[in-house]
Number of protein chains: 2
Amino acid sequence: MTIVDVAKHAGVSTASASKVLRNAYGASEAMREKVRASMEELGYRPHGPARGMRGRTYTIGVLVSDIDNPFFSLLADGVSSVIRAHSYELLLSPAGFTRSGQRNVKDALIDHQMDGLVLVSPLMSSEELEETARDIPLCVVGHHSDSDLFDSVAGDDELGASLVVDHLVELGHERIAFVMNHDGRMDPARPEYHRLAGYRAAMERHGLTDQAAVLDASWSFEGGVTAARLVDELPVQPTAVHAGADIVALAMMNELWRQERFIPEAYSLAGYDNSRTSALGPIRLTTVDQSGRQMGETVGRLLVERIEGRTDSRHELMEPTLMARSTTVAPRGE
Amino acid sequence: MTIVDVAKHAGVSTASASKVLRNAYGASEAMREKVRASMEELGYRPHGPARGMRGRTYTIGVLVSDIDNPFFSLLADGVSSVIRAHSYELLLSPAGFTRSGQRNVKDALIDHQMDGLVLVSPLMSSEELEETARDIPLCVVGHHSDSDLFDSVAGDDELGASLVVDHLVELGHERIAFVMNHDGRMDPARPEYHRLAGYRAAMERHGLTDQAAVLDASWSFEGGVTAARLVDELPVQPTAVHAGADIVALAMMNELWRQERFIPEAYSLAGYDNSRTSALGPIRLTTVDQSGRQMGETVGRLLVERIEGRTDSRHELMEPTLMARSTTVAPRGE
DNA sequence: GTGAAAGCGCTAACAC
DNA sequence: GTGTTAGCGCTTTCAC
């Protein structure tokens, strides 16, 4: 069942059938009807690789570290909903947490002639991203950039972190610690760089610079265990901790729970990401919502624009919102 | 940069270069060396669609409802690790929870000439699966089947459910309710059908048939809210509930928490899936582990075997294990 | 607005 | 073991 069969059945040339298939310019309405009817009747399905050979694959590749992240799920949904409307499909590829793994998957996606690429929080330098952008339309998520060669969509991490500090200060806290992901200390492309900056700026704005304490731990479950220990080792105990990311906060809660200590009795705790788990009854973690779905929609829109010809770059910053829940309360005795 | 360039550069025919590329039979070691060196030197990358046109795409498509499910993540990791060793790539496609959406995505995957397909808990009849299996090597996960046309990997749900009942009985429970997903009542292909059977069989084995109570609610967050209400409406309160799935148990905990009631004080509660959330400190849900990674590895192995030529079908049942945690305790006053 | 024909990069069949 | 060549299904000039 090929396009030749369809053309024969409809009594037109393959070229015309192809135009109808692609909704391309240069076919009369009558012809479109005829061809579409034949396609329907014959149950014709276009052959992906054959299309990819000459034209487009109508497929957008999305690279993520691992798929076990509720934020990615929302993001993928958002991208998917937008690009489907333009008859593109979405293909997701889990690439792991190593540079080489991500590079392999990225190359594989390019080899498969994806029409566009989405890289989510990639472990790649800005140079490598620009290199990639020369090969394929590119939109990067969660990487702050101002490159001329690709688009980016990121949360306003600075604002998000300051939202948390403002909320804690409003509750009466002064000694507020922040858990930092070491990797991003010096890299302005990373979200944690901006969250730290937002935390620092907000503390200063409230005249609390002296009360600030930054703990060094990776943003992972293991990092959360470390962070819980680091808090205890602080010379002066904070009354509140901004964990920087939900996964860290959840691990800290887990670790304290193991020691039969509880949040918010031990200290107030906030995360970042509004993961599904954070909303659950017995947890109710105060966090920051990034609206993954909306970010995904933006990504989809930017990528389709770029595939259709835009060449100048766009860099969107999305506004996060605070989700105040049960893990942040007024400090005791103050 | 095509295979023709590589062949020229290495001073061999394109056919030979192709053989080296595919690790196919019929090329001397000397030739392999030469060609590989040229590929390296020229930075040659095979063109996916061109390969898919004549031969294989070296890509396996995995269809999942949505990617926000920790079990899928482990599964994908497992599949990926096995197929990579055979130089296949994995492409994941979130297809949503509707029949039509899943069918569209499945068709798109076939159109793209995937070499094999993994369908995870598909919303498709066994007939439709057999239909699909005529088009493409197929392995289905979480669908109990004995079809001759495709392979399947599923957990031993009957055993899993009875493990939970045994555990609860051992703690001293007798009035143990089970939350059932209505959709699967009559369909022996569905996991819930077997979990219900396992629950019933175990209750009978313990002489508790009269104490059994099956509640009808969908296996979703919303279903969990309903289930919590249904438990309260039972004429005789159970001392323990097997929620059938973690998501249901978590929603039930969440709903009770809203009413300022707590697990296990209200009643003992068990889930199924060993989701990451279930292990967290403040939750510690008793559940059943399905070892998603191992299932994924099995899926990968079966699919590669089938792509390489096996034609008879395999149906693997994987043994689950009980994860006894804090939500199941001895009933009060007994 | 429509059709004929070339050719994308690769693989497989077959000849040597 | 190695090379020659046809052709996969589609898109895209370029005539008409």
Side-chain angles (χ1 to χ4, degrees), chain A residues 1-36 38-39 42-59 87 89 107-108 110-115 135 307-308, chain B residues 1-36 38-39 42-59 87-89 107-108 110-115 135 307-309:
Chain A
M1 206 52 355
T2 78
I3 202 169
V4 179
D5 300 316
V6 171
K8 259 188 210 133
H9 184 272
V12 302
S13 73
T14 57
S16 303
S18 172
K19 279 180 184 170
V20 174
L21 179 60
R22 288 172 292 128
N23 287 313
Y25 176 81
S28 64
E29 199 42 57
M31 159 149 297
R32 302 192 112 76
E33 296 260 323
K34 253 195 312 189
V35 174
R36 273 202 261 267
S38 294
M39 285 179 173
L42 299 178
Y44 166 76
R45 311 268 332 174
H47 189 281
R51 305 187 81 178
M53 197 91 186
R54 296 294 280 157
R56 296 181 182 167
T57 54
Y58 292 93
T59 309
S87 67
E89 286 291 325
D107 289 341
I110 294 175
D111 294 346
H112 283 286
Q113 299 288 110
M114 298 286 145
D115 294 333
D135 290 343
I307 292 170
E308 319 259 287
Chain B
M1 203 58 349
T2 77
I3 202 168
V4 179
D5 300 317
V6 171
K8 260 187 208 134
H9 184 272
V12 303
S13 72
T14 56
S16 302
S18 173
K19 279 181 183 167
V20 175
L21 178 60
R22 289 173 291 129
N23 287 314
Y25 177 81
S28 66
E29 200 41 58
M31 157 147 301
R32 303 193 110 80
E33 296 260 322
K34 255 195 311 191
V35 173
R36 274 202 260 266
S38 294
M39 286 179 173
L42 300 178
Y44 166 77
R45 310 269 334 172
H47 189 281
R51 304 186 82 178
M53 195 88 187
R54 294 299 272 144
R56 296 182 182 168
T57 53
Y58 291 94
T59 310
S87 67
Y88 289 88
E89 287 290 326
D107 289 341
I110 295 175
D111 293 345
H112 284 286
Q113 298 289 110
M114 299 286 145
D115 293 333
D135 290 343
I307 293 170
E308 320 259 286

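Letters go in sequence order (proteins before strands), and every chain restarts at 1.
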Check: Out of dC10(C), dT4(D), dC10(D), which nucleotide sits closest to the side chain of Ala50(B)?
Finding: dC10(C)
Notebook entry, point to check: Across the strands shown, which category fits Pro46(B) at heavy-atom distances under 4.0 angstrom: base, sugar-phosphate, nothing?
Noted result: sugar-phosphate
Next item on the list: Find out whether Ile110(A) and Arg45(B) are in side-chain contact, i.e. whether some heavy atom of one side chain is under 4.5 Å from a heavy atom of the other.
Entry: no
Notebook entry, point to check: Is the phosphate of dT2(C), meaning OP1 or OP2, less than 4.0 Å from a side-chain N or O of Ser28(A)?
Noted result: yes
Next item on the list: Determine the contact category for Ala24(B): base if any of its heavy atoms lies under 4.0 Å from a base atom, sugar-phosphate if only primed atoms, P, OP1 or OP2 are that close, otherwise nothing.
Entry: nothing
Check: Separation of Asp5(B) atom CG from dC8(C) atom C1', in whole Å?
Finding: 13 Å
Notebook entry, point to check: Does Arg56(B) place a side-chain N or O at less than 4.0 Å from the phosphate oxygens OP1/OP2 of dT11(C)?
Noted result: no
Next item on the list: Respond yes when some side-chain nitrogen or oxygen of Ser18(B) is under 4.0 Å from OP1 or OP2 of dT11(C), and no when none is.
Entry: yes
Check: Taking OP1 and OP2 of dC10(D), is either one under 4.0 Å from a side-chain nitrogen or oxygen of Tyr44(A)?
Finding: yes
Checklist line | Rounded interatomic separation in angstrom, taking CD from Gln113(B) and C1' from dC10(C) | finding: 14 Å
Check: For Ser16(A) and dG3(C), is the shortest distance between a side-chain N/O and OP1 or OP2 below 4.0 Å?
Finding: yes
Notebook entry, point to check: Between Ser13(A) and dG3(C), does any side-chain N or O lie under 4.0 Å from OP1 or OP2?
Noted result: yes
Notebook entry, point to check: Between Lys34(A) (NZ) and dG3(C) (C1'), how many Å, whole number?
Noted result: 12 Å
Next item on the list: To the nearest 0.5 angstrom, please state how far the CD atom of Gln113(A) sits from the CZ atom of Arg56(A).
Entry: 12.5 Å
Checklist line | Any Arg22(A) side-chain nitrogen or oxygen under 4.0 Å from OP1 or OP2 of dC10(D) | finding: no
Next item on the list: Determine: side-chain N/O of Arg54(A) to OP1/OP2 of dT13(D), distance under 4.0 Å, yes or no.
Entry: no
